[in-house]
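Take a look at the structure set out below.
Note: hydrogens, waters and symmetry copies are ignored here, and every other heavy atom, side chains too, is used. Note that the structure is predicted; figures quoted are calculated from it, not measured. Below, chains carry the letters A, B, ... as their sequence lines are ordered, and counting in each starts from 1.
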Amino acid sequence: MAGDDNRRRRSGIGDARAYTPRGRTTRDTDAINRSERPERGERPERAEKPARVVVPRDRAATRAAMRGRPAPRRAPQRRPIKPVVTVTPPRLGHPKRRLRLATAISLLLFVIIGVRLVHLQLTDAPAYAAAGLQDRLKTVVLPAPRGSILDREGAVLARSIEARYVAADPGLVTDPAAVAAQLSPLLGVAASELFAAMQKKKDELTGKAVRFVWLKRGVDVEQATAISSLKLKGIIVDRDERREVPGDDLAANIIGFTGTDLTGLGGIEARFDSDLRGRDGKFVFEVGQGDLRKPIPGGYQLVTPAKPGKSLKLTIDRDVQFMTQRILAEKMREKNATWAAAIVLDARTGEVVAQASYPTYSAKNADASKASERVDMATNYVVDPGSIHKAIVLSAALQEGVITPTSTVEVAPTIRKGDTTFKDGHPFPAGTHLTMPGLMAYSSNVGTIKVVEALGAQKLYDYQRLFGLGTETGIGVPGEAPGLVQPPENWSGSSYGSIPIGHSVAVTPLQMAAVYAAIANDGVWVQPHLIKEICEPDGKVTPAAAAKSHRVISAENAASLRQIMEAVTVLDDATGVNARLAGYRISGKTGTGTQVKDGKYIPGEVASFIGMAPADQPRYVIAVFAHTAGGGGGAVAGPAFRDMMGYTLRHFKVPPTGTKPPDFVITA
Amino acid sequence: MTLAPESERSPQRDPLMWLAVLRGLLDRPLASYYLLLASSGLLLVIGLAMVFSATNVRAHFDGNSYSVIVQQVGAAVIGLAAFWICQRLPRRTFRALAPTAVIITLILLLIMDGLALLHASGVLPQPRIGPVHSETLWLYLGPVQLQPSELAKFALVLWGADVLTRKGRRVVHWRELVMPLFPAVGMLFVLVGYTDLGSMLCLVILFVGLLWAAGVPLRFFGMMLGAALIGIAGLIMAPGKSQYRSARFGSFFQSDAEIVKCVKDQCYQAKQGLLAIADGGWFGVGLGKGRLTWGWLPSAHNDFIFAVIAEELGVVGCLVVLTLFAVLAYSGMRIARRVTDPFRRMAACAVTLWLVGQAFINIGGVVKLLPITGLPLPFISDGGTALVVTLAAVGMLASFARAEPDASAALHARPPAKWAQLVWAPLPPLPAPARPADVESTEQRSVNA
């Protein structure tokens with residue numbers, strides 16, 4: 001019954017009434033208000049309600065009964081009040097309309113949020129995302145060690161090892177004295193020094209407190225671990241790299257040294273810094289914040305692998321280098337030399353087997369040395385070669401056909417060229433016909449000058465250049481001097497006397513060694529070089545750039561000249577007797593020159609001996625140069641040469657020469 | 001021959017077809033009920049997923065990845081029980097419980113704020129008396145931990161709707177409207193707003209919803225709006241503990257670009273929220289793959305969970321959540337519109353506006369349309385009390401949805417099996433032949449007279 005009743009009402013006219021704006025227009029309302037109807041200004045719809053409300057329910061029956069009464073009672077009450085309450089009570093809002101509005105507003109709010117999200121995504125979001133990512137990234141440096149420097153057999157000459165640095169943040173160190181006392185024995189640095197470093201101070205430029213001070217770099221890992229385990233506040237221990245030079249002063253002048261940040265500061269370390277230096281890699285990854293500062297799985301990650309430096313394999317032989325340095329140092333100390341240099345060249349390949357300087361320094365402690373000790377004297381010093389230059393004159397003369405191995409030259413005790421008179425150290429009476437071996441053995445200046453007279457200045461100059469004088473050899477050591485040879489147009493009158501005998505010519509010891517190596521190598525000049533191979537970190541080996549080479553004289557002429565120069569050591573009263581080596585035939589030449597420094601000849605003489613062995617089939621060329629107060633090349637450099645050559649030949653297992661040197665005729 | 005008519009017909013039909021289908025579906029008597037269940041159910045599921053996603057990293061490093069989500073699932077189970085109960089309760093029980101609920105809530109709030117005040121004034125060394133202790137928004141009663149401000153929302157809905165129903169048409173008179181509603185509500189506002197401005201705003205919206213649905217004249221709203229604005233401004237500017245709040249409010253006036261560049265603490269949260277939205281892009285980085293949950297985004301699991309949704313599910317995921325809230329708003333309002341009884345109408349409207357308002361204030365804060373206030377996102381944010389109360393309120397809405405005249409008639413026409421009624425929900429009351437509110441209000445009026 002009730003259901004039917006209700007359904008009829010809901011679906012019928014009642015529903016329609018609920019939606020119609022009947023009685024709700026302002027016109028209607030005004031009309032109602034004006035008419036001062038007793039319904040408290042409400043809609044006339046209300047009048048119908050009691051009728052609709054009549055519910056045939058038990059409880060409602062009593063209510064309906066009550067409802068009958070108050071209606072008439074209320075009306076008379078309100079009527080007199082009405083004029084007193086001047087404000088008309090507002091109407092009750094229409095629920096359904098209001099709820100629709102609320103729905104629309106609610107939905108609109110979510111639409112606004114949606115629009116905002118889409119708009120943000122369309123405009124700035126990618127840029128913000130990139131900026132945000134930067135905030136969350138952490139970079140870990142993947143250290144790339146510096147390459148090693150090895151000798152020809154692969155023995156280590158210099159290498160990098162992992163180490164730790166120890167530093168301090170003075171702002172965090174509370175008790176510098178106690179910390180210094182604890183660190184001092186572990187670091188091997190005086191406590192007073194550490195204490196001073198850990199004092200709070202301000203940066204001079206920025207005025208901010210200094211928060212990082214090095215205490216020691218290259219600390220051993222074990223010691224660093226011990227320091228970390230002390231857990232000292234404000235003490236920082238982190239990864240570092242240390243250059244280790246096991247040979248101390250072994251080949252120090254060639255290899256050079258590195259600074260604290262492992263930058264090459266001298267020698268090969270500097271020259272090949274870009275090859276040796278590794279390129280640090282980095283691992284960039286996204287991390288959380290605070291105690292979640294750990295890599296986020298699936299987050300941004302970028303690994304740039306570390307590229308360790310390349311290693312260099314030198315042509316140096318560790319043992320020969322050691323002995324060469326030792327012999328040079330011993331002999332030169334005896335002779336009180338200012339400086340000395342020795343070069344051991346493989347005559348056939350141009351490889352530098354050893355290259356020594358005296359005095360030298362400790363590469364482990366380069367700071368304690370003088371700059372003059374760190375120079376590679378064999379390539380950086382420029383000298384007047386003296387008589388060793390005569391080999392160039394004879395080579396040119398032989399090759400140009402001016403002389404033959406059996407030619408003789410008429411000599412006198414002196415010869416005058418320009419304003420200078422040139423004398424022989426071992427004078428022959430005027431009119432003596434000196435053979436070529438005689439000329440070399442007694443180092444006849446007059447004879448040599450006469451040969452050049454026949455040869456001509458231009459030819460001599462050409463051969464000087466062909467033998468590599470006046471240009472750097474390109475051995476691979478920084479600071480190599482090119483030397484200087486004068487073209488004929490610059491020659492003065494005396495130049496015709498001085499240049500043939502090796503004065504007014506500026507050469508490096510290495511250039512002269514290369515000249516003799518060309519003679520030893522059957523007339524082919526080969527660029528002397530130090531780098532044998534470059535080893536990539538992945539094990540790939542690249543041979544160094546091929547040495548340049550060119551023929552200077554013919555093989556026959558080279559052989560003839562070697563034989564001529566053998567007289568220097570064979571003849572008993574010749575200049576090079578000190579260089580004799582039992583069992584081996586030695587071909588070589590002594591020289592006594594001078595040194596030019598800052599445009600002036602400095603006091604003292606540069607004694608030199610360059611020789612090759614075995615003379616008939618040369619394997620090694622050794623050059624020894626020394627600056628002493630005075631003394632011929634044979635006396636000063638000869639013994640050093642002999643010992644070095646002896647060791648080198650034994651080391652490389654070169655069998656003694658089976659043949660005998662020829663009998664030399666000095667005068668004809 | 002055969003293709004031509006089809007291709008002609010389909011463009012004519014299709015655009016109208018789906019609209020017609022939608023209308024047909026919406027015209028079904030139980031449409032509001034199912035829309036409500038579907039939207040709130042999906043929001044609950046998404047919420048649980050997002051809470052797990054936002055908390056598992058921190059929880060993992062604290063020992064157990066599931067420690068937080070297990071609590072939240074427990075709260076959801078309790079909430080579903082509350083939903084079930086509320087869906088079964090008849091209207092008169094809600095009305096009968098209303099005064100008690102408000103009084104209990106007021107007492108809990110008084111205890112919470114009282115303890116905090118005593119602690120702040122130095123009377124108590126700890127904000128604790130016996131087993132009861134208070135901690136900002138939470139009150140601990142022995143092992144039970146709850147947020148009285150959340151209870152206050154539901155209590156206000158019940159009591160306000162009840163009082164306004166009893167007032168009936170007399171609400172057009174200022175005096176009638178004010179007593180006893182305004183003093184009690186004002187006290188509630190102050191007690192809640194003392195610790196939680198966001199919840200107070202939510203209460204204001206809810207209360208406005210009640211008055212709106214009650215048909216209170218517009219001029220009163222104007223007056224109340226003025227008072228509310230002054231009050232909010234006062235709370236924001238109030239010194240002392242609310243310093244942080246006003247600082248966060250300050251960051252609202254900065255542009256997006258300024259916030260992204262900002263390195264100050266006060267714009268940190270807004271910045272991380274923006275970065276999360278930017279990082280998510282259109283389709284998100286993937287569920288559980290968010291990076292800002294790694295300690296970058298503060299309150300990622302409650303106030304800023306929408307930022308986590310934005311990062312992990314992208315704009316698309318956000319639009320899904322917004323659509324679900326919109327469907328909830330629509331169905332809630334539809335229930336309010338369709339029910340005949342004024343108590344149900346007011347309560348439904350108030351609950352819907354509460355949820356919508358809370359969602360908008362929360363999301364608006366994250367997307368920087370509004371200042372950050374610190375309100376949880378309904379259904380989604382981590383927080384037991386809020387979830388239980390929300391589900392209870394939705395349960396009440398569901399019972400109202402079943403009481404829509406058409407729905408009720410339909411259910412009575414083809415009633416579910418007896419066991420289903422026992423397990424799920426009883427049959428709703430048949431729609432009264434006349435609107436009972438009118439009966440009551442008339443009755444009241446007559447009594448007063």
Which atom of [X] lies closest to which atom of [Y], heavy atoms considered:
| X | Y | answer |
| --- | --- | --- |
| B:Leu353 | A:Ser106 | CD2-OG, 3.9 Å |
| A:Asp291 | B:Arg58 | OD2-NH1, 2.9 Å |
| A:Arg98 | B:Phe221 | NH1-CE1, 3.8 Å |
| A:Leu99 | B:Ala213 | CD2-CB, 4.3 Å |
| A:Leu92 | B:Gly215 | CD1-O, 3.2 Å |
| B:Arg337 | A:Lys96 | O-CE, 3.1 Å |

Scored by heavy-atom pairs under 4.5 Å with chain B, the best of A:Leu120, A:Asp124, A:Ile105 is A:Leu120

Among A:Ala104, A:Ala130, A:Pro297, A:Ala131, which residue has the highest count of heavy-atom pairs closer than 4.5 Å to chain B? A:Pro297

Side chain to side chain contact (heavy atoms under 4.5 Å, CB included) partners for B:Ala276, two or more places apart: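 B:Ala276: side chain to side chain contact (heavy atoms under 4.5 Å, CB included) contacts with B:Leu292, B:Ala307, B:Glu311.
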
Any idea which of [options] has the most non-hydrogen atom pairs under 4.5 angstrom with chain A?
| options | value |
| --- | --- |
| B:Val57, B:Thr293, B:Leu369 | B:Leu369 |
| B:Ala348, B:Cys349, B:Ala257 | B:Ala257 |
| B:Val216, B:Leu274, B:Thr352, B:Ile363 | B:Val216 |

Which residues from residues 110-119 of chain A are near chain B, with near meaning under 4.5 Å between non-hydrogen atoms? A:Phe110, A:Ile112, A:Ile113, A:Gly114, A:Arg116, A:Leu117, A:Val118

Distance col, row B:Asp256:CG vs A:Thr123:OG1, nearest 0.5 angstrom, shows 7.5 Å

Would you give the length of the straight line joining atom CZ of B:Phe360 to atom CG of A:Leu109, rounded to the nearest 0.5 angstrom?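 Between atom CZ of B:Phe360 and atom CG of A:Leu109 there are 4.5 Å.
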
Let me know if [X] has heavy atoms under 4.5 Å from chain B in its side chain, its backbone, both or neither.
| X | value |
| --- | --- |
| A:Asp135 | both |
| A:Gln121 | both |
| A:Leu107 | side chain |

Are any non-hydrogen side-chain atoms of A:Thr103 and B:Arg334 less than 4.5 angstrom apart? no

Atom group of [X] that falls short of 4.5 Å from chain A, counting heavy atoms:
| X | value |
| --- | --- |
| B:Leu370 | neither |
| B:Val366 | neither |
| B:Val367 | both |
| B:Val356 | both |

Check step by step if side chain to side chain contact (heavy atoms under 4.5 Å, CB included) holds for B:Phe61 and A:Leu292. CA-CA 8 Å; B:Phe61 288 110; A:Leu292 295 180; 3.2 Å; yes

Do other residues, nucleotides or ligands put more than 12 heavy atoms under 6.0 Å from the NZ atom of A:Lys294? yes

Distance-only donor-acceptor pairs under 3.5 Å for side chains of residues 317-333 of chain B, two or more places apart:
from: B:Thr323; atom 1: OG1; to: B:Leu319; atom 2: O; distance (Å): 2.5
from: B:Ser331; atom 1: OG; to: B:Val327; atom 2: O; distance (Å): 2.8
from: B:Ser331; atom 1: OG; to: B:Leu328; atom 2: O; distance (Å): 3.1

Where do A:Leu101 and B:Trp212 land on the side chain to side chain contact (heavy atoms under 4.5 Å, CB included) test, with the steps shown first? CA-CA 10 Å; A:Leu101 182 64; B:Trp212 184 255; 3.5 Å; yes

Show, in sequence, the C-alpha distance, side-chain angles and deciding distance for A:Arg136 and B:Trp296, and conclude whether the side chain to side chain contact (heavy atoms under 4.5 Å, CB included) test is met. CA-CA 9 Å; A:Arg136 297 191 296 272; B:Trp296 291 101; 3.5 Å; yes

Interface residues of residues 277-287 of chain B facing chain A - heavy atom cut-off under 4.5 Å: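 Heavy-atom contacts from residues 277-287 of chain B to chain A are B:Ile277, B:Ala278, B:Asp279, B:Gly281, B:Trp282.
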
Quick one: does NZ or CZ of B:Lys271 land under 6.0 Å from the six-membered ring centre of A:Tyr128, within 45 degrees of the ring axis? no

